[in-house]
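Just below is one structure, and these are the notes that go with it.
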Amino acid sequence: KEGLETNPVPSLFYNKQIFDEALQQGKHLENPGLGIESKIANLANTAVQSVTNFPSSDYKDTFKGNPNSTAIMNSLVDCMNRAGLSDKEKRALYALALTETGGGKSLSENTNWSWNRACQLWPLGITPKGKALQACGKERWETLTPDQKADVIYFKEGGAKWKGRGLIQLTGEGNYTNLQKDLNSWGIGADVLSNPSLVASDPRVAAASAVSWWTRQKGIKDMAERGDVYGIRARCAGGLDRSGGLQKFISFYRQISPDD
C-alpha cells in the first residue's frame, strides 16, 4: 500500500510492470476494502493509459533542448497512435528521434560540413554521395555555401530544398511527398511540398515526419519487436553509421527499454 501511494508511475512504457505490481500487492491485502481496491484499479488504469501519455514530465530525456518540447511530444504521441505503432516501436522511434535531434536541439540539418567531415560521412568514390563529393573536389567544396554543399550531397534527392529536417531528419523529395500524404490523412494542415521548412519549424509536422518515415520502412517493426538496435540504427543511417549516432541511440534506447 505504501509503495502504491508514494511511487509515481514510471515515465515511459512501464505500464505492464506497474499493472502487475498493483494487482500483486492487492492480492496480498487481507481486507483491502473498497477504497484500496479502487486505488489499485485506478493505478492500473493509469498504467495502461501511460502508453498514450508518454513520457511523463519527469522523464529526463524528453526533447528538453527545444522550446516547443511539449507540443512536439504531444504531436509525436498522437501520430504514433494514429499509425498504430506497438509499444516497442514507440520506444525505438522515440530513441531515434532523441538521437537524430540531440534531444530536440536541432530539427534542421546543419549542412555546413567541412571537407574532412564530409569525407568521413561519405568516403570518396564509394557511394553515390561519395562520388559526388569526389567530383566536386576539396578546392571547390571549400568555397560553397551550406545549401550548395547540400545540393552536391543530395543531388539525387532533389538538393538542399529537401535536406534533413524534423525528428528523424527526413531527407529527400520522395520522403517529403510521402509525409504530405500522411499529413493530409491525419488532418494536419501543412503544405510541406511548397514550404519544406515547416518540417523543422512546426512541432506537429516535425513529429509527423518521424512517424511517416517509420511506417514505410520494411521490416522495421520486426526489428523493434526483437530489440534489434543495430538494424534500426543502420536503417535510419542508410547503412553503415559513420555519424557516431549508434552509441547515442543505444544509450537512449537502453534508458527507455532497460529490460530489452
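Start at 1 with the first residue, then count along the sequence.
No donor-acceptor pair under 3.5 Å is formed between the side chain of Thr101 and the backbone N or O of Leu167. The backbone N or O of Gly159 lies less than 3.5 Å from no partner atom in the side chain of Asp151, so there is not a single donor-acceptor pair.
Side-chain contact check for Arg82 versus Val211: every heavy-atom pair is 4.5 Å or farther apart. Between Leu93 and Ile168 the shortest side-chain heavy-atom distance falls below 4.5 Å. The closest side-chain heavy-atom distance from Asp182 to Cys79 is not below 4.5 Å. Considering only heavy atoms from C-beta on, Lys129 comes within 4.5 Å of Glu157 through its side chain. For the pair Leu144/Cys136, a side-chain contact is recorded, criterion being any heavy-atom separation below 4.5 Å from C-beta on. The shortest distance between side-chain heavy atoms of Tyr176 and Arg165 falls below 4.5 Å. Two residues are said to be in side-chain contact when any heavy atoms from C-beta on lie closer than 4.5 Å; Asp191 and Leu183 fail this criterion. Between Asn81 and Lys90, some side-chain heavy-atom pair lies under the 4.5 Å cut-off.
Side chains of Asn184 and Gln180: a donor on one and an acceptor on the other come within 3.5 Å.
Rounded to the nearest 0.5 Å, atoms CG (Leu193) and NZ (Lys161) are 7.5 Å apart. Rounded to the nearest 0.5 Å, atoms CG (Asp87) and CE (Met80) are 10.0 Å apart.
A salt bridge links Glu89 with Lys221; the closest basic N to acidic carboxylate O contact falls under 4.0 Å.
Note on ring orientation: taking the six-membered ring where Trp is involved, the planes of Trp141 and Trp113 are parallel (angle under 30°, cut-offs 30° and 60°).
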